[in-house]
Amino acid sequence: MTATMETLIGLVNRIQRACTVLGDYGGEGGTSLPTLWEALPSVVVVGGQSSGKSSVLESIVGRDFLPRGSGIVTRRPLVLQLHKTEPGGQDYAEFLHLPKKKFTDFALVRNEIQEETDRMTGKTKQISPVPIHLSIYSSNVVNLTLIDLPGLTKVAVEGQPESIAADIENMVRSYVEKPNCIILAITPANQDIATSDSIKLAREVDPTGERTFGVLTKLDLMDKGTNAIEVLEGKSYRLQHPWVGLVNRSQADINRNVDMIAARRKEREFFATSPDYGHLASKMGSEYLAKLLSKHLESVIRAQIPGMTSLINKAIDELEMELDHLGRPVGIDAGAQLYTILELCRAFDRIFKEHLDGGRPGGARIYGVFDNQLPAALAKLPFDGHLSFQNVRKVVSEADGYQPHLVAPEQGYRRLIDSSLNYFRGPAEASVDAVHFLLKELVRRSISETQELSRFPALRAEITAAANAALEGFREDGKKTTLRLVDMESSYLTVDFFRRLPQEWEKGGNPGVNAASAAADRYSEGHYRRIASNVVSYIGMVSQTLGNTIPKAVVYCQVREAKQALLDHLYIQVGKKQAKELAELLDEDPALMERRQQCIRRLELYKSARNEIDSVSWAR
Ligand SMILES: Nc1nc2c(ncn2[C@@H]2O[C@H](COP(=O)(O)OP(=O)(O)OP(=O)(O)O)[C@@H](O)[C@H]2O)c(=O)[nH]1
């Protein structure tokens with residue numbers, strides 16, 4: 001039974017120390033890492049200043065070692081782990097922050113607590129939530145973890161901030177509100193229980209009283225004729241656990257250097273011979289309190305093991321997932337680095353292609369350019385103005401000079417068509433540009449969607465730059481090709497179109513209109529309107545052709561090329577790099593590296609905690 005109890009409490013002690021080594025002491029820090037600390041049970045001593053907290057702690061330990069003084073002495077939580085050793089050995093203490101040093105002089109322990117407190121808070125009266133860890137090894141203790149907190153106070157004394165009372169209460173509350181915390185609520189017997197700060201706080205966080213132990217100190221200081229029977233028998237204030245009364249050393253005892261052994265003897269005698277408390281003697285005193293706590297702690301831990309195991313397993317899963325997400329560290333040799341970089345380029349390219357192929361959104365917008373923007377731009381070309389009656393007359397007259405044309409104004413047609421075709425250059429280039437920007441946007445999106453890349457800002461920039469440079473090349477090619485399509489339209493006109501035009505001047509136009517009137521008509525407004533309308537319908541035909549061929553050219557030069565050749569461009573770019581430059585590409589964001597380190601350490605904690613729990617579970 002004892003063996004089990006020691007194993008269980010020893011387990012919690014080891015996990016608690018591991019937590020602190022790895023920076024896990026609950027809530028603080030905002031690291032959003034899972035915390036094990038808060039799942040561990042502990043005993044927290046709570047009480048007003050001078051209520052006798054230090055005295056209770058010391059008498060449970062059987063040693064004098066806590067700093068004393070007026071005002072706030074305890075300004076950081078003290079996590080006190082008691083380890084029972086075989087009888088015969090020397091008692092000693094060890095601080096977690098001084099791992100190699102064994103203290104056998106407990107007066108030096110007291111000094112070290114003071115100095116370590118000042119190291120964190122300076123010589124101010126400020127408080128800090130970072131705990132000091134102290135282990136005490138002795139044959140006279142039971143395995144127990146106790147946490148000493150600053151005493152609750154009502155008013156700030158000189159040199160303390162006004163908020164000190166609230167600060168302390170908040171810190172104490174942050175410990176006692178945890179469901180795994182066993183509260184040792186200290187009240188001096190010479191104070192009215194109804195005004196006890198510790199009971200008030202305990203009731204607030206533990207209304208049913210299942211984890212609160214009421215401790216009444218200074219029973220020897222009660223006025224003659226009064227006693228605390230009502231409280232000790234649970235009649236004044238009911239808790240689930242029995243109240244324990246104590247008699248610690250008075251200030252006079254301390255001044256006279258009454259040692260702990262003598263103090264305990266005196267306490268036993270007090271109860272054994274007391275007319276008031278004789279019947280309760282076996283359930284009073286610091287030794288009884290220590291055993292009671294230890295036993296309770298054991299049952300609490302036993303009940304918590306399954307929950308702790310599942311919490312640990314869940315946290316391990318979460319951390320592994322986050323590490324996968326952050327990416328594992330990259331090898332340091334150039335080969336491994338090049339391999340990693342090429343892998344990352346491939347990962348990016350895969351996502352980029354998915355966008356183009358419709359597996360991810362964004363690619364369809366390219367077809368929006370062809371289906372909407374290009375046709376709309378073509379429809380908006382200002383042919384109405386360009387092919388107005390006046391302009392047509394002007395161009396046609398200039399082309400033919402003084403000699404009026406004999407059949408059709410061939411030169412005029414050519415000039416009108418050529419100058420109209422020029423208008424198509426705009427939409428052609430605009431289509432190329434629009435697709436170019438969409439592709440660039442897809443590169444940007446793909447980069448940010450490539451999880452594996454998120455940790456390498458330099459490589460991300462490099463891939464972006466190389467991809468954009470490649471897209472720039474594709475754009476050049478796209479422009480050249482689409483403009484060439486336009487040029488091709490003006491270099492050779494579709495002869496059939498003109499052959500099929502009604503030759504109204506040869507046929508004589510309307511029946512009954514004679515040749516003379518036809519000749520007159522040649523220079524009439526109707527004549528030029530007919531020319532304009534012929535050119536318009538020719539241009540309409542060209543517009544339809546280009547509406548079909550420009551998208552083909554754009555897809556061929558830009559989209560298809562981006563899909564097929566982007567990766568090659570990236571490879572070429574990376575291939576030019578020296579080993580040193582490759583390493584630089586894999587430089588990571590320091591914050592991310594720090595986070596990875598934190599996760600790795602926390603993972604270690606959980607794995608070792610799991611092993612500890614496993615070994616205890618098997619030992620049972
Ligand atoms: N006679 C008598 N004196 C006690 C008893 N318990 C504590 N004292 C005295 O009360 C004073 C305060 O005790 P501490 O143990 O220092 O109290 P504390 O709650 O730790 O006080 P702070 O650290 O100042 O918050 C000391 O002088 C103790 O000797 C007791 O049961 N009987």
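We number each residue from 1, following the sequence as shown. Just follow the structure's listing: the first ligand is 1, and inside any ligand the first atom is 1.
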For Val247, counting its heavy atoms only, list the atoms of ligand 1 lying under 4.0 Å from any of them.
31 (O)

Between Glu58 and ligand 1, find which residue part has any heavy-atom pair under 4.0 Å and reply side chain, backbone, both or neither.
neither

Is the shortest N/O to N/O distance between Ser50 and ligand 1 below 3.5 Å?
yes

Looking at CD of Gln451 and CG of Leu326, how far apart are the two atoms once the value is rounded to the nearest 0.5 Å?
10.0 Å

When the ring centroid of His241 is compared with that of His296, is the distance short of 6.0 Å?
yes

Would you say Arg596's side chain and Ala591's backbone share a donor-acceptor pair under 3.5 angstrom?
no

Answer with side chain, backbone, both or neither: which part of Ile254 has a heavy atom less than 4.0 angstrom from an atom of ligand 1?
side chain

Work out whether the distance between some heavy atom of Ser51 and some atom of ligand 1 is less than 4.0 Å.
yes

Mind checking whether Leu221 contacts ligand 1 via backbone (N, CA, C, O), side chain (CB onward), both or neither, at a 4.0 Å heavy-atom cut-off?
side chain

Do any nitrogen or oxygen atoms of Leu219 lie less than 3.5 angstrom from nitrogen or oxygen atoms of ligand 1?
no

Which option, Lys218, Lys53, Arg249, Gln251, owns the non-hydrogen atom nearest atom 10 (O) of ligand 1?
Lys218

Heavy-atom pair with the smallest gap, counting every atom of Thr217 and Pro188
OG1-CA, 3.3 Å

Is it the case that Lys102 places NZ or CZ above or below the six-membered ring of Tyr92, under 6.0 angstrom from the centre and within 45 degrees of the axis?
yes

Just to check, does Gly48 reach to within less than 4.0 Å of ligand 1 when the distance is taken from its heavy atoms?
yes

Side-chain donor-acceptor pair under 3.5 Å between Asn248 and Ser55, yes or no?
no

Using a 6.0 Å distance limit plus a 45 degree cone around the ring axis, check whether Lys266 lies over the aromatic ring of Phe270.
no

Report, in ascending order of atom number, the atoms of ligand 1 lying under 4.0 Å from any heavy atom of Ser55.
7 (C), 13 (O), 14 (P), 15 (O)

Thr195 and Gln191: CA distance, side-chain angles, deciding distance, side-chain hydrogen bond (donor to acceptor under 3.5 Å, both in side chains) verdict:
CA-CA 7 Å; Thr195 65; Gln191 184 200 325; 2.9 Å; yes

Which ligand 1 atoms does Asp220 reach within 4.0 Å, using its non-hydrogen atoms?
1 (N), 2 (C), 30 (C), 31 (O), 32 (N)

Gln49, any N or O under 3.5 Å of ligand 1 N or O
no

